[in-house]
Amino acid sequence: MKDVKTKVEQRLKDLIIAALDEAINDNVIKIEEIPDFFIEVPQDKEHGDFAANIAMLLAREAKMPPRKIGEAIAERIKKDAFIEKVEVAGPGFINFYLAPTWANEVIFDVLKCGQEFGRQSGQKGIKIQVEFVSANPTGPMHMGNARGAALGDALASVLKLAGYDVTKEFYINDAGNQIENFGLSLEARYLELLGHESEIPEGGYHGEDIKEHMQELIEKEGDRFLYMDSPSRRAYFIEYALKKNIQRMKTDLENFGVHFDVWFSEQSLHDSGQVDEVIKLLTDKGYTYEKDGALWFKASEFGAAKDEVLIRANGLPTYFAADIAYHKNKFDRGFDLVIDIWGADHHGHIARMKGALKALGYDPDKLVIIIMQLVRLYRNGEIARMSKRAGRAVTLADIVEEVGKDAARFFFNLRSADTHLDFDLDLAIKQSDENPVYYVQYAHARISSILRQAKEQGVDLPDIDNLTKDEFDKLANLLVEESELELIKKLADFPGEIKLAADNFAPYRITVYSQELAATFHSFYNKCRVLTDDQNLTTARLLLVMAAQQVIKNALSILGVSAPDRM
RNA sequence: GCGCCUGUAGCUCAGCUGGAUAGAGCAACGGACUUCUAAUCCGUAGGCCAGAGGUUCGAAUCCUCUCAGGCGCGCCA
């Protein structure tokens with residue numbers, strides 16, 4: 001279903017083209033073909049409901065001042081009851097002033113579609129994978145992972161609403177050096193806890209969680225591993241702790257409202273031979289060479305700054321090699337577009353990853369990498385690196401516990417991915433007007449309150465399914481106050497916002513939109529009473545606020561933020 | 001040194017594929033609750049869009065250079 005705005009824009013475009021054709025026939029404007037032009041909503045209300053920029057675009061070719069072109073077009077545009085006025089203004093904009101009821105239909109659409117309102121069509125069958133978080137399973141998730149989780153999940157939701165077939169995936173880095181170090185660290189703690197001298201190796205993990213794992217294991221299984229050879233017991237420790245950590249990550253993420261469709265193991269790529277296979281593929285194509293005992297990929301031939309090691313001199317494949325296999329695997333699974341969300345510290349990896357895909361014959365443009373700048377956590381006005389209670393880095397679970405899922409997810413999606421995000425703990429915790437998440441939720445709760453109040457007064461809530469389009473139109477035409485019309489127009493923006501957010505991979509737009517919508521509603525609320533003595537007006541306004549509530553809910557739902565009925 | 005990101009109001013940031021007088025929140029100041037939740041609203045003030053060139057009908061937006069901050073440039077991931 002086409003949304004109201006798209007329909008209107010198309011209609012105005014057709015009118016302009018018809019008028020322009022006429023002007024060309026009249027020999028007033030001389031051009032070869034009609035260029036692509038915009039119909040947009042002017043920033044300033046004084047400039048009408050919609051504006052077209054076509055006159056400026058034609059100025060050069062037609063060798064006429066834009067305003068003259070605009071006038072030639074404007075005077076040929078057929079006006080009707082829907083179009084009240086057409087004017088040429090500014091540098092040559094053609095401004096359209098429409099009947100104030102032009103967007104009313106959106107209320108009808110919202111109430112008919114419910115949670116489906118905003119869904120775009122036309123992308124059916126296009127498969128997109130969003131891979132995000134992919135935190136190291138060697139310990140708890142940190143703030144960066146939390147931002148990634150909020151961002152990735154909201155992005156996936158936006159893409160789904162935009163009509164794509166979306167899969168959310170978590171890549172478990174359960175192989176390689178870090179896992180080795182993880183094992184060595186576990187072993188060291190185990191020995192230490194049993195009174196043996198031992199030290200955590202360089203690059204090892206010093207966190208309390210390592211000790212806790214081993215403490216727990218000792219309680220369950222005692223000291224029997226003292227008598228096992230070192231590699232075997234490390235393998236056991238790794239399997240044991242990894243399983244716990246992964247389970248913990250799943251739980252923490254679920255508590256954060258983030259659910260993954262697929263958990264993909266890096267180790268499985270090694271076990272199944274896919275890593276070896278992809279290295280062989282690159283070698284067969286002549287894109288590798290040996291140097292210093294290692295096998296290198298000629299990444300510099302594919303746009304990267306330098307070549308990269310695939311197999312180390314010690315015979316073990318690098319993370320990069322596994323990642324190539326992983327991305328090949330993604331495309332072989334049939335995804336049309338693969339999106340990775342990485343922390344800013346990984347941006348150096350982009351060129352070589354795309355280079356590898358190119359070398360393998362895949363289109364590197366089908367891999368979109370969203371680089372997310374790092375999070376700075378503030379507490380009491382200063383940068384907080386450590387959790388006060390636990391004396392360790394602040395984790396995702398800490399954030400959920402301290403500030404709550406709703407505030408955290410809202411905050412992380414408040415800014416675009418490429419800004420360095422300042423997360424102010426005090427502000428996020430604060431249940432006050434300084435906290436933007438409550439502002440939006442409050443709008444939703446307020447509407448619930450009105451609806452409750454209506455029922456108490458014996459007013460029946462209107463049911464869109466029991467209204468004919470005619471009856472609806474009659475009611476909606478009663479909405480003539482400035483603040484009512486503003487709210488209606490804001491609702492009409494939602495489908496377009498979904499599209500923009502999806503096209504730009506920018507879910508934070510929805511957060512911003514939700515704030516604007518809430519503001520428009522609050523403003524309306526202060527100017528217009530919903531429950532009045534006028535029965536028809538009351539019904540009309542109920543329809544309006546019910547629609548507003550639905551859209552607020554839809555927007556918050558994308559962000560993973562709840563829409564409370566009371567606050 | 002090279003690459004990526006950032007530089008817009010006192011602070012945090014929007015500004016979409018270039019468009020009309022650069023916006024919002026917070027902070028500041030002044031107003032609005034006997035009426036559906038004042039977690040709200042209305043108003044005031046606050047800007048050489050880091051700087052300099054260029055592209056054009058038109059630049060915060062695109063290009064080049066300079067300056068400032070962050071990150072990266074491993075046989076780590």
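Reminder, nothing fancy here: chain letters follow the sequence lines and each chain counts from 1. The structure presented is a predicted model; accordingly, all values stated were derived computationally and were not measured.
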Fill in the blank from the handout: Ranking A:Asp44 and A:Val530 by the position along RNA chain B of their nearest nucleotide, the one closer to 5' is A:Asp44
Fill in the blank from the handout: Of A:Ala51 and A:Gln515, the one whose closest nucleotide on RNA chain B sits nearer the 5' end is A:Ala51
Mind checking the [atom1]-[atom2] spacing from [X] to [Y]? Nearest 0.5 Å is all I need.
{"X": "A:Leu269", "Y": "A:His327", "atom1": "CG", "atom2": "NE2", "value": "11.0 Å"}
{"X": "A:Lys306", "Y": "A:Glu308", "atom1": "NZ", "atom2": "CD", "value": "3.5 Å"}
{"X": "A:Ile341", "Y": "A:Ile369", "atom1": "CD1", "atom2": "CD1", "value": "11.5 Å"}

Nearest-Å distance for atom pair [atom1]/[atom2], residues [X] and [N]:
{"X": "A:Glu482", "N": "B:C42", "atom1": "CD", "atom2": "P", "result": "12 Å"}
{"X": "A:Glu46", "N": "B:U21", "atom1": "CD", "atom2": "C1'", "result": "12 Å"}
{"X": "A:Lys354", "N": "B:C4", "atom1": "NZ", "atom2": "C1'", "result": "13 Å"}
{"X": "A:His444", "N": "B:A39", "atom1": "NE2", "atom2": "P", "result": "18 Å"}
{"X": "A:Ile94", "N": "B:C57", "atom1": "CD1", "atom2": "C1'", "result": "15 Å"}
{"X": "A:Ile39", "N": "B:U17", "atom1": "CD1", "atom2": "P", "result": "19 Å"}
{"X": "A:Ile371", "N": "B:G70", "atom1": "CD1", "atom2": "C1'", "result": "14 Å"}
{"X": "A:Leu517", "N": "B:U40", "atom1": "CG", "atom2": "P", "result": "15 Å"}

side-chain N/O [X] vs [N] OP1/OP2, d < 4.0 Å:
{"X": "A:Arg312", "N": "B:A77", "value": "yes"}
{"X": "A:Tyr439", "N": "B:C41", "value": "yes"}
{"X": "A:Arg446", "N": "B:A38", "value": "yes"}
{"X": "A:Asn177", "N": "B:C76", "value": "yes"}
{"X": "A:Arg67", "N": "B:C57", "value": "no"}
{"X": "A:Gln43", "N": "B:A20", "value": "yes"}

Watson-Crick/G-U partner (both atom distances under 3.5 Å) of [N]:
{"N": "B:A28", "value": "B:U44"}
{"N": "B:A52", "value": "B:U64"}
{"N": "B:G72", "value": "B:C2"}
{"N": "B:A14", "value": "none"}
{"N": "B:U34", "value": "none"}

Which nucleotide wins on minimum distance to the side chain of [X], given the candidates [options]?
{"X": "A:Met567", "options": "B:C71, B:A39, B:C41", "value": "B:A39"}
{"X": "A:Met56", "options": "B:C75, B:U21, B:G19", "value": "B:G19"}
{"X": "A:Gln178", "options": "B:C36, B:A77, B:U40", "value": "B:A77"}
{"X": "A:Lys306", "options": "B:G19, B:G74, B:C36", "value": "B:G74"}
{"X": "A:Asp418", "options": "B:A39, B:U6, B:C41", "value": "B:U6"}
{"X": "A:Tyr525", "options": "B:A38, B:A77, B:A20", "value": "B:A38"}

Classify [X] by what it touches in the nucleic acid, base, sugar-phosphate, or nothing, heavy-atom distance under 4.0 Å.
{"X": "A:Asn53", "value": "base"}
{"X": "A:Ala313", "value": "base"}
{"X": "A:Lys291", "value": "base"}
{"X": "A:Ala506", "value": "nothing"}
{"X": "A:Asp292", "value": "base"}
{"X": "A:Ala445", "value": "base"}
{"X": "A:Arg60", "value": "sugar-phosphate"}
{"X": "A:Thr419", "value": "sugar-phosphate"}
{"X": "A:Leu57", "value": "base"}
{"X": "A:Tyr508", "value": "sugar-phosphate"}
{"X": "A:Ala59", "value": "nothing"}

Exercise for the section: Could you tell me whether the side chain of A:His347 has a donor or acceptor atom within less than 3.5 Å of a complementary atom in the base of B:G3? Expected result: yes
Handout entry: Side-chain donor/acceptor of A:Asn95 to base of B:A20, under 3.5 Å
Key = yes
Practice task
Answer yes or no as to whether B:A20 has its base stacked against A:Phe93, where stacking requires a ring-centre separation under 5.5 angstrom and planes under 30 degrees apart.
Solution key: yes
Problem - Aromatic ring of A:His47 stacked on base six-ring of B:A20, 5.5 Å, 30° - result: yes
Exercise for the section: Apply the side-chain contact (heavy atoms from CB on, under 4.5 Å) test between A:Arg312 and each candidate in A:Thr318, A:Asp292, A:Leu295; give the one that qualifies. Expected result: A:Thr318
Ring centroid separation [X] to [Y] under 6.0 Å:
{"X": "A:Phe320", "Y": "A:His349", "answer": "yes"}
{"X": "A:Tyr289", "Y": "A:Phe297", "answer": "no"}
{"X": "A:Tyr326", "Y": "A:Phe264", "answer": "yes"}

Handout entry: Pairwise C1' distance for B:G15 and B:G47, with rounding to whole Å
Key = 14 Å
Exercise for the section: With C1' as the reference atom in both, quote the distance from B:A14 to B:A32 in angstrom, rounded to an integer. Expected result: 29 Å
Practice task
Tell me yes or no: between the side chains of A:Glu486 and A:Ser523, is some donor less than 3.5 Å from an acceptor?
Solution key: no
Exercise for the section: Using distance alone, with no hydrogens and no angle criterion, decide if A:Ser416 and A:Asp418 have a side-chain donor and acceptor under 3.5 Å apart. Expected result: yes
